[in-house]
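Small disclaimer: the values here were computed from a predicted structure and weren't measured. In what follows, residues are counted from 1 in the order of the sequence shown.
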Amino acid sequence: MRGNAFEARVKADGGTELMRLLHERMGAGTPAPMPGEVRVPDLAAVGPEGRAARTALALREAAGAAAGSAAWTLLVHPLLALEVAGSPAFLEPDAVVVRPDGGWTVVEIKSFPMIDSSADASKVGAAARQAAVYVLALERVADRVPGARVDHSVLLVCPRDFSNLPTASVVDVRKQRSVTRRQLARLTRIEDIAATLPEGISFDLERCSPAELTAAVDSVTAAYAPECLAACELAFHCRGRARSAGAVEALGRGVRGELGGLTTVDAVLAAARGGTVPGTADDDPTVVALRRAAALRAEALASVPEGAVAACR
């Protein structure tokens, strides 16, 4: 409720206060926007595809209006499309401003405070990563508009100190943008994933029986991590499969990364106890570290009275 009330205040009166903050922080060399003269186009349309198309049209119109004039345009909650692994994802930034100099600026409004002109670093970092995705999506539109230029710095608007008055800071998102672009480029396209599925498999909830759906899900390899529990409805199913197979992924991505070629809990325990693990040499750094850890544990337990060890167990 506080965040919604603050955002409404920032955008009130046609975004007068928002435009003042943006011109103050990023509008050097451009005429200040006059109250009541900022263009705020209507972005309403049917469906996400329609809204994204309407946003792209409004951005092109704003770029045309800004050329050779002092026109400022504020787009409130535009909808942008970004291709993710071959499928469109629709993104909705708080605002995008088109400046008279041809610059397009993403505005991110947050309810966490800036105290003495600084805010919580972790929250600012999260806002920067979020805004970097908007910048990437906005660049897709700008590439088709002559003279358009997307700023790699975004305007972060927050409450000042302990009040509900807005203040703003410029955040450089070039690093976050580069990281996100690399991550998107490495994603496997949905068509490539679908090509690896068994022929005739279907996940249609209306046409398939529960038994057929269960068989279809079981035919797909489960790539489980504990983080899946917060985001995926199939997380418990995949966790059960990972546990039944003794996969180390069930212990977390960090553990999986540390264990190298040892992919099961049984293989890890065998290596730690001095056994032979097929496909893994005895001088493998992971095996050496496990055996060293097991020796240290045994040494530590040997120095503890038996009663204390039993109580700990």
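Two residues are said to be in side-chain contact when any heavy atoms from C-beta on lie closer than 4.5 Å; Cys228 and Cys238 fail this criterion. A heavy-atom distance below 4.5 Å is found between the side chains of Leu229 and Phe236. Contact of the Val171 side chain with the Ser153 side chain is not registered, since no non-hydrogen atoms from C-beta on lie closer than 4.5 Å. Here the side chains of Val248 and Val268 are in contact, with some heavy-atom distance below 4.5 Å. You'll find the side chain of Leu79 stays beyond 4.5 Å of the side chain of Leu43, heavy atoms only. Side-chain contact between Arg297 and Leu301: present, with at least one pair of heavy atoms (C-beta onward) separated by less than 4.5 Å. Residues Leu136 and Thr180 have side chains in contact (heavy-atom distance under 4.5 Å, counting atoms from C-beta outward). For the pair Asp94/Val107, no side-chain contact is recorded, criterion being any heavy-atom separation below 4.5 Å from C-beta on.
The minimum heavy-atom distance linking Val265 with Ala247 is given by the pair CG2-O, 4.4 Å. Residues Phe6 and Pro159 share a closest heavy-atom pair of CZ-N, 3.3 Å. Residues Val277 and Ala267 share a closest heavy-atom pair of CG2-O, 3.6 Å. Val97 approaches Met19 most closely through the heavy-atom pair CG1-CE, 3.6 Å. The shortest heavy-atom contact between Glu249 and Pro226 is O-CD, 3.6 Å. Heavy atoms only, all atoms of each residue included: Ala137 and Leu80 are closest at CB-CB, 3.8 Å.
Atom CG of Leu59 and atom CG of Leu75 lie 5.0 Å apart (nearest 0.5 Å). To the nearest 0.5 Å, the span separating CG on Leu197 from OG on Ser219 amounts to 7.0 Å. Rounding to the nearest 0.5 Å places CG of Asp116 at 11.5 Å from CZ of Arg160. To the nearest 0.5 Å, atom CZ of residue Arg291 and atom CZ of residue Arg273 are 12.5 Å apart. Atom CZ of Phe112 and atom SG of Cys158 lie 4.0 Å apart (nearest 0.5 Å). From His237, atom NE2 reaches atom CD of Glu233 across 13.5 Å, with rounding to the nearest 0.5 Å.
Between the side chains of Thr73 and Arg39, at least one donor N or O sits under 3.5 Å from an acceptor N or O. Under the 3.5 Å distance criterion, with hydrogens and angles disregarded, a donor-acceptor pair is assigned to the side chains of His77 and Lys11. In the model, His152 has no side-chain atom that pairs as donor or acceptor with a side-chain atom of Gln176 under 3.5 Å. In summary, the side chains of Ser122 and Asp120 do present a donor paired with an acceptor at a separation below 3.5 Å, with no hydrogens or angles considered. Side-chain contact of Asp151 with Thr105: a donor-acceptor pair under 3.5 Å is present, judged by distance alone.
Within a 6.0 Å sphere centred on CG of Asp13, other residues, nucleotides and ligands contribute 12 heavy atoms or fewer. Counting non-hydrogen atoms of neighbouring residues, nucleotides and ligands closer than 6.0 angstrom, the CD atom of Glu299 reaches no more than 12 such neighbours. Around CD of Glu92, the count of heavy atoms belonging to other residues, nucleotides or ligands within 6.0 Å exceeds 12. For Asp143, the CG atom counts as densely surrounded, since its 6.0 Å shell holds more than 12 non-hydrogen atoms of other residues, nucleotides or ligands.
Between Glu108 and Lys110 there is a salt bridge, since at least one side-chain N of the basic residue sits less than 4.0 Å from a carboxylate O of the acidic one. Ion pair Asp42/Arg54 not flagged as a salt bridge, since none of the NZ, NE, NH1 or NH2 atoms sits closer than 4.0 Å to an Asp/Glu carboxylate oxygen.
In this structure, the side chain of Trp72 engages the main chain of Pro31 through a donor-acceptor pair within 3.5 Å. With hydrogens and angles disregarded, no donor-acceptor distance shorter than 3.5 Å links the side chain of Arg177 to the backbone of Val135. Arg9 places no side-chain N or O within donor-acceptor distance of the main-chain N or O of Ala5, the cut-off being under 3.5 Å. In terms of modelled atom types and a separation under 3.5 Å, the side chain of Ser118 and the main chain of Ile115 share a donor-acceptor contact. A donor-acceptor pair is defined here as one N or O able to donate and one able to accept, closer than 3.5 Å; no such pair exists between the side chain of Arg149 and the backbone of Trp104. Not a single donor-acceptor pair under 3.5 Å links the side chain of Asp161 to the backbone N or O of Ser163.
Listed by first then second residue, pairs satisfying salt bridge (charged side-chain N to carboxylate O under 4.0 Å, His left out) with a partner in residues 20-35 read Glu17-Arg20, Arg20-Glu24, not counting sequence neighbours. Residues in residues 199-223 take part in these salt bridge (charged side-chain N to carboxylate O under 4.0 Å, His left out) pairs, two or more places apart or across chains: Asp204-Arg207.
Leu138 and Leu155 fall into different hydrophobic clusters, defined by Ile, Leu, Val, Met, Phe, Trp and Tyr side-chain heavy atoms under 4.5 Å apart, directly or through other members. Residues Ile201 and Val217 share a hydrophobic cluster, clusters being chains of Ile/Leu/Val/Met/Phe/Trp/Tyr side chains in contact below 4.5 Å. At a threshold of 4.5 Å between side-chain heavy atoms, the hydrophobic network of Ile, Leu, Val, Met, Phe, Trp and Tyr places Leu91 and Val76 in two separate groups. No single ILVMFWY cluster, assembled from side-chain heavy atoms under 4.5 Å apart, contains both Leu74 and Val154. If you chain together hydrophobic residues whose side chains sit under 4.5 Å apart, Met26 and Tyr134 never meet in one group.
Of the candidates Leu21, Ile109, Leu18, Pro166 forms a side chain to side chain contact (heavy atoms under 4.5 Å, CB included) with just one, namely Leu21.
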